[in-house]
Amino acid sequence: MHIHTLGVRGKLASLHAHLQTLTPGVLVCITVAVTAQFLSDHYGAPAMLLALLLGIAVSFLSEDGKAVPGIKLSSRTVLRLGVALLGARVSFGLFSELGTAYIVLTVSAVLLTIGFGLVAAPWFGHKWRFALLTSGSVAICGASAALAISAILPRDERSDERLLFTVVGVTVLSTVAMIVYPIIATWLALDTGAAGVFIGGTVHDVAQVVGAGFSLSERTGETATLVKLMRVALLAPVVIVSAVLIRRFAEQPAGSERPPLLPAFVVGFVVLAGLASFQLLPAWLVDASASWSYWLLLTAISAVGMQTRLQQIVRVGGMAFAFIIAETAFLACVVVAGILLLGP
């Protein structure tokens with residue numbers, strides 16, 4: 001009994017020491033995330049973009065010192081947990097409200113945009129890793145999708161800069177779309193339902209979808225949010241299929257870790273989505289999961305910023321931004337064409 005007690009105490013002491021090692025870095029990331037949210041609430045800029053920029057501003061903290069282990073944890077484990085909790089927001093029963101035609105349009109637009117990115121990447125001087133990362137982010141759910149997809153890509157010396165550039169690019173374009181797309185919907189004389197499908201099917205980030213949709217009408221906002229959640233639901237199957245194909249066909253960089261066949265965070269996403277679909281999660285837990293997911297992802301973005309140098313963004317090049325713009329424009333054209341084809 002005495003030996004067993006000593007063993008338990010030893011494990012607890014080891015756990016306590018490990019937590020003490022991680023705490024400084026995690027607290028720094030949380031502080032940056034809270035600061036970014038405060039600035040976003042008061043000045044209207046996207047919180048994700050602010051967290052990224054603030055993280056870059058204090059990137060020296062990730063070079064050496066007590067904060068390094070916690071920052072690394074936040075950029076990997078915390079972001080995976082945040083993506084997993086997104087699943088609680090997805091209830092497949094809600095999608096029946098859209099109708100079969102709009103469901104097919106939304107799924108088709110996501111798949112076609114990813115396909116376009118993979119095919120067009122060589123024209124812009126980039127390879128399949130950057131293509132999958134950017135096209136998946138544009139097609140599905142912006143920064144959240146970028147974080148999820150980056151977790152299954154084989155890592156090399158440029159992985160972090162590609163992720164950082166993608167997050168910055170899709171966040172900036174999503175903010176522009178939040179302002180411009182309602183104007184386009186009005187110019188095209190789309191009714192409230194079609195306008196909601198257009199905005200929900202094209203704007204990258206959830207917050208900007210809500211802002212753009214409800215700026216037109218309550219009905220448009222509700223439809224846009226529903227369509228956006230359907231795109232979020234496609235994150236899990238896209239990541240799973242991509243992970244399988246990467247393991248089967250992609251050449252692994254020397255010294256890189258082989259990505260998992262079925263990442264644990266995707267399993268968590270699917271399980272929570274299934275529970276939410278069968279209404280097995282209480283409403284308070286769904287709301288709490290959405291809030292936790294947002295804050296975990298904001299904290300992870302802060303950590304990603306801290307581990308990146310500003311010159312890395314510049315090194316990716318102007319053609320990379322042109323590539324993301326092309327993918328964004330392609331997605332918008334597919335959705336508008338589908339809406340006009342389906343008619344009222």
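Remember, predicted model here, so these are calculated numbers, not experimental data.
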Subject >> Chi angles and distances behind the side chain to side chain contact (heavy atoms under 4.5 Å, CB included) call for Leu163, Leu153 >> reply: CA-CA 11 Å; Leu163 173 59; Leu153 291 175; over 6 Å; no
**OP:** Decide yes or no on side chain to side chain contact (heavy atoms under 4.5 Å, CB included) for Trp292 and Leu81, but give the supporting numbers first.
**Re:** CA-CA 9 Å; Trp292 295 338; Leu81 184 57; over 6 Å; no
Original post:
Sequence neighbours excluded, which residues qualify as side chain to side chain contact (heavy atoms under 4.5 Å, CB included) partners of Ser135?
Top reply: Ile114, Glu327
**OP:** Could you list the residues that satisfy side chain to side chain contact (heavy atoms under 4.5 Å, CB included) with Thr192, not counting sequence neighbours?
**Re:** Ser217, Arg219, Thr220
**OP:** Search all heavy atoms of Ala243 against all heavy atoms of Ile152 and return the closest pair with its distance.
**Re:** N-CD1, 3.8 Å
Original post:
Checking Ser291 side chain against Asp287 main chain: does a donor-acceptor pair fall under 3.5 Å?
Top reply: no
Subject >> Spacing of OG belonging to Ser289 relative to CG belonging to Leu296, to within rounding of 0.5 Å >> reply: 10.0 Å
Subject >> Gap between atom CG of Leu245 and atom CD1 of Ile240 - 0.5 Å precision >> reply: 12.0 Å
**OP:** For Phe278, check ring-ring contact (aromatic ring centres under 6.0 Å, His included) against everything at least two apart and list the hits.
**Re:** none
Original post:
Given Leu86 and Ser144, is the side chain to side chain contact (heavy atoms under 4.5 Å, CB included) satisfied, shown in steps?
Top reply: CA-CA 9 Å; Leu86 276 176; Ser144 301; 4.0 Å; yes
Subject >> Side-chain donor/acceptor of Ser62 to backbone N/O of Met306, under 3.5 Å >> reply: yes
Original post:
Should Leu173 and Ile184 be counted in the same cluster of Ile, Leu, Val, Met, Phe, Trp and Tyr side chains packed under 4.5 Å apart?
Top reply: yes
When the side chains of residues 22-36 are checked against the rest of the protein, which donor-acceptor pairs come out under 3.5 Å, sequence neighbours left out?
unit_1, atom_1, unit_2, atom_2, d
Thr23, OG1, Leu19, O, 2.6
Thr31, OG1, Leu27, O, 2.7
Thr35, OG1, Thr31, O, 2.7

Pairs of donor and acceptor atoms involving the side chains of residues 40-54, under 3.5 Å and at least two apart or interchain, shall be tabulated with distances.
unit_1, atom_1, unit_2, atom_2, d
Ser40, OG, Ala45, O, 2.7
Asp41, OD1, Gln37, NE2, 2.8
His42, ND1, Phe38, O, 2.8

Subject >> Nearest-0.5 Å distance, OG1 of residue Thr186 to OH of residue Tyr181 >> reply: 14.5 Å
**OP:** Using the rule that two of Ile, Leu, Val, Met, Phe, Trp, Tyr join whenever any of their side-chain heavy atoms come within less than 4.5 Å, decide whether Val167 and Trp295 are in one cluster.
**Re:** yes
**OP:** Using side chain to side chain donor-acceptor pair (under 3.5 Å) as the criterion, list what pairs up with Ser75, not counting sequence neighbours.
**Re:** Gln307
Please tabulate, one pair per line, all N/O donor-acceptor pairs under 3.5 Å involving side-chain atoms of residues 196-214, not counting sequence neighbours.
unit_1, atom_1, unit_2, atom_2, d
Thr202, OG1, Phe198, O, 2.5
His204, ND1, Val138, O, 3.4
His204, NE2, Thr328, OG1, 3.1
Asp205, OD1, Ala143, N, 3.2

**OP:** Treating Ile, Leu, Val, Met, Phe, Trp and Tyr as nodes and any side-chain heavy-atom pair under 4.5 angstrom as an edge, say whether Phe116 and Leu234 lie in one connected cluster.
**Re:** no
Original post:
Does Ala337 have any side chain to side chain contact (heavy atoms under 4.5 Å, CB included) partners at least two apart in sequence or in another chain, and if so, which?
Top reply: none
Subject >> Contact summary for Val227 and Thr106, nearest pair of heavy atoms >> reply: CG1-OG1, 3.8 Å
**OP:** Could you work out the complete set of other residues in the hydrophobic cluster of Met178, with links drawn between I, L, V, M, F, W and Y side chains under 4.5 Å apart?
**Re:** none
**OP:** Taking all heavy atoms of Arg231 and all of Leu331, pick out the closest pair and write down the distance.
**Re:** NH2-CD2, 3.9 Å
Original post:
Are Leu342 and Val335 connected in the hydrophobic side-chain network, where two residues link if heavy atoms are under 4.5 Å apart?
Top reply: yes
Original post:
If every non-hydrogen atom of Leu235 is compared with every non-hydrogen atom of Cys141, which pair is closest and at what distance?
Top reply: CD2-SG, 4.4 Å
Original post:
What are the two closest heavy atoms between Phe323 and Gly117, and how far apart are they?
Top reply: CZ-O, 3.3 Å
Original post:
Can you hop from Leu285 to Leu280 via hydrophobic side chains spaced under 4.5 Å?
Top reply: yes
Subject >> From OG (Ser242) to CG (Leu132), nearest 0.5 Å >> reply: 4.5 Å
Original post:
Out of curiosity, Leu105 CG to Thr100 OG1, how far, rounded to the nearest 0.5 Å?
Top reply: 12.5 Å
Subject >> Polar side-chain atom of Ser293 near backbone of Ala290 as donor-acceptor pair, under 3.5 Å >> reply: no
Donor-acceptor pairs under 3.5 angstrom involving side-chain atoms of residues 264-274: please list them, not counting sequence neighbours.
none

Original post:
What pairs with Thr166 under side chain to side chain contact (heavy atoms under 4.5 Å, CB included), at least two apart in sequence or on another chain?
Top reply: Phe130, Leu133, Thr134, Ser137, Ala146, Val170
**OP:** Indicate the atoms forming the closest heavy-atom contact of Ala194 with Ile339, along with that distance.
**Re:** O-CD1, 3.5 Å
Subject >> Connected hydrophobic set around Ile183, excluding itself, where side chains approach under 4.5 Å >> reply: none
**OP:** Test Val334 against Phe330 for side chain to side chain contact (heavy atoms under 4.5 Å, CB included), laying out the working first.
**Re:** CA-CA 6 Å; Val334 169; Phe330 180 85; 3.6 Å; yes
**OP:** Report the distance from atom NZ of Lys228 to atom CD1 of Ile140, rounding to the nearest 0.5 Å.
**Re:** 9.0 Å
